[in-house]
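To start, the structure itself, in structure tokens.
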Amino acid sequence: MEFRQLECFIAVAEELHFGRAAERLCMTQPPLSRQIQLLEQDLGVTLFERNSRQVVLSAAGRRFLRDARHLLEFSAQAAATARRTSGGEAGHIRLGFTAVASYRLMPSLIVQARKLLPGVEIQLRETVTTELSRLLLAHELDAILARSVPQQAGIESRLLEREPLVLALPADSPLCEHAIVPLRLLQGQPFVLYSPREGKYFYDRIVGAFGLADVQPQYVQRAGQTHTLLALVRAGLGVGLVPDSARELRFEGVVFRPIGQRDLYADMYLAWHAQHDNPALDAFLQRVAKRNSPETVGSPGQA
């Protein structure tokens, strides 16, 4: 049974006239009659009851008409899906991300992807940067949103976001009086710092900035995640430096102020395998992720 035979059968079934059906299919009547005969032989049933005056569907033909239409519809859908998948308009992407990326960047990308690539399914997985790198290298993820990327041949990356670190303060802190807080004012201040293990990226940047500025806060607590750090700040244990996107968490009782330090920022990269066979990932890179290029990233000192 061939799809062309189904097309011929449907045309005759709808026209109930071989001449009109042949004209509709842009063919002559004898080849059309031959296709119907071959189809009936393949199926082992009579699809039409014909005489010199009329053509009518048999009981088997009436039932087969519904299924034949479905088969042609499914074949057309399959062909369209194959073309869309080849062009990246359909498919599947496994995207890993850090918790901080979920505050602002990742949701923004997903909104854009659903708008520009509605046929692409994105499977999300949240974990820490070191685990994201491992999953990417193991080909268990197609792409990752992370603070740092694996330094390995075959991995490509794109800077998507550069956001400043801002000071998180309890609402009753005297430092709230400043529109911009100089780093030197944190000398001796109770300070909640990221953990050197779970929050290594931020730990290194913050401790390094204090060292260069010759500022020594009083470290009172350490936190692995940004939301935990903000909870400790809200409890009045101290102040802390967090990425600007942490504002999206909207912790009541926590106030944010820019820091008077132009080079204190955090980067977010999108990384993927240069050699891959996923057209949907190519479409995502070209149509969704391209809008956040290094040229459009805010300056390091932006508040």
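Source: prediction; values computed, not measured.
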Distance under 6.0 Å and angle within 45° of ring axis: Arg205 vs Tyr265: yes

Just by modelled atom types, is the [Y] backbone N or O under 3.5 Å from a matching donor or acceptor in the [X] side chain?
X      : Y      : answer
Asp142 : Arg94  : yes
Arg287 : Leu116 : yes
Ser195 : Arg197 : yes
Arg147 : Lys200 : no
Ser173 : Leu169 : no
Gln112 : Val288 : no
Thr228 : Gly224 : no
Arg63  : Gly61  : no
Gln286 : Phe284 : no
Arg257 : Cys176 : yes

Which heavy-atom pair separates [X] from [Y] by the least distance, and what is that distance?
X      : Y      : answer
Glu156 : Ala274 : OE2-CB, 3.5 Å
Gln225 : Ala99  : OE1-CB, 3.7 Å
Ser157 : Tyr269 : OG-CD2, 4.3 Å
Val166 : Pro258 : CG1-CA, 4.5 Å
Pro150 : Ile144 : CD-CD1, 4.4 Å
Gly96  : Leu141 : CA-CD1, 3.9 Å

For the residue pair [X] and [Y], establish whether any side-chain heavy-atom pair is separated by less than 4.5 Å.
X      : Y      : answer
Ile93  : Glu121 : no
Pro170 : Val239 : yes
Phe9   : Leu57  : yes
Pro190 : Leu237 : no
Leu249 : Leu230 : yes
Ser33  : Phe18  : yes
Phe97  : Leu105 : no
Gln218 : Leu186 : no

Aromatic ring pairing Phe210/Tyr219, orientation class (parallel under 30°, perpendicular over 60°, tilted between): tilted

His273 and His139 aromatic ring geometry - parallel, tilted or perpendicular at 30°/60° bounds: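 His139 vs His273 ring planes: parallel.
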
Distance in Å, [X] [atom1] paired with [Y] [atom2], rounded so as to fall on 0.5 Å steps:
X      : Y      : atom1 : atom2 : answer
Leu165 : Leu264 : CG    : CG    : 4.0 Å
Leu159 : Asp267 : CG    : CG    : 5.0 Å
Leu232 : Leu193 : CG    : CG    : 11.5 Å
Ser102 : Ile110 : OG    : CD1   : 11.5 Å
Gln5   : Arg34  : CD    : CZ    : 9.5 Å
Phe256 : Leu167 : CZ    : CG    : 9.5 Å

Residue Glu177 excluded, over 12 heavy atoms near CD under 6.0 Å: no

Heavy atoms from other residues, nucleotides or ligands near CG of Asp214 exceed 12 (cutoff 6.0 Å):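 Counting neighbours around CG of Asp214, 12 or fewer heavy atoms of other residues, nucleotides or ligands fall under 6.0 Å, so no.
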
Electrostatic pair [X]-[Y], nearest N-O below 4.0 angstrom:
X      : Y      : result
Glu49  : Arg62  : no
Arg24  : Glu15  : yes
Arg104 : Asp244 : yes
Glu23  : Arg20  : no
Glu14  : Arg69  : yes

Candidate pair Leu16 and Gln54, rule side chain to side chain contact (heavy atoms under 4.5 Å, CB included), full reasoning: CA-CA 8 Å; Leu16 293 179; Gln54 64 178 356; over 6 Å; no

Leu124 vs Ile122, side chain to side chain contact (heavy atoms under 4.5 Å, CB included): CA-CA, chis, key distance, verdict: CA-CA 6 Å; Leu124 298 170; Ile122 300 181; 3.8 Å; yes

Any luck finding a side-chain donor-acceptor pair between [X] and [Y] under 3.5 Å?
X      : Y      : result
Asp282 : His276 : yes
Thr98  : Tyr201 : no
Ser245 : Glu163 : yes

May I ask whether [X] and [Y] are part of the same hydrophobic cluster, defined by side-chain heavy atoms of I, L, V, M, F, W, Y residues being less than 4.5 angstrom apart, directly or through others?
X      : Y      : answer
Leu32  : Leu38  : no
Leu95  : Ile155 : no
Leu136 : Leu281 : no
Val56  : Ile10  : no
Leu241 : Leu175 : yes

Proximity of Phe202 and Tyr194 rings by center, below 6.0 Å: yes

Derivation of the salt bridge (charged side-chain N to carboxylate O under 4.0 Å, His left out) call for Glu73 and Arg66: CA-CA 11 Å; Glu73 289 173 2; Arg66 182 188 66 181; over 6 Å; no

Stepwise side chain to side chain contact (heavy atoms under 4.5 Å, CB included) test for Arg158 and Trp272: CA-CA 9 Å; Arg158 180 179 300 168; Trp272 66 94; 4.0 Å; yes

Stepwise side chain to side chain contact (heavy atoms under 4.5 Å, CB included) check, Val149 with Ser133: CA-CA 7 Å; Val149 299; Ser133 297; 6.0 Å; no

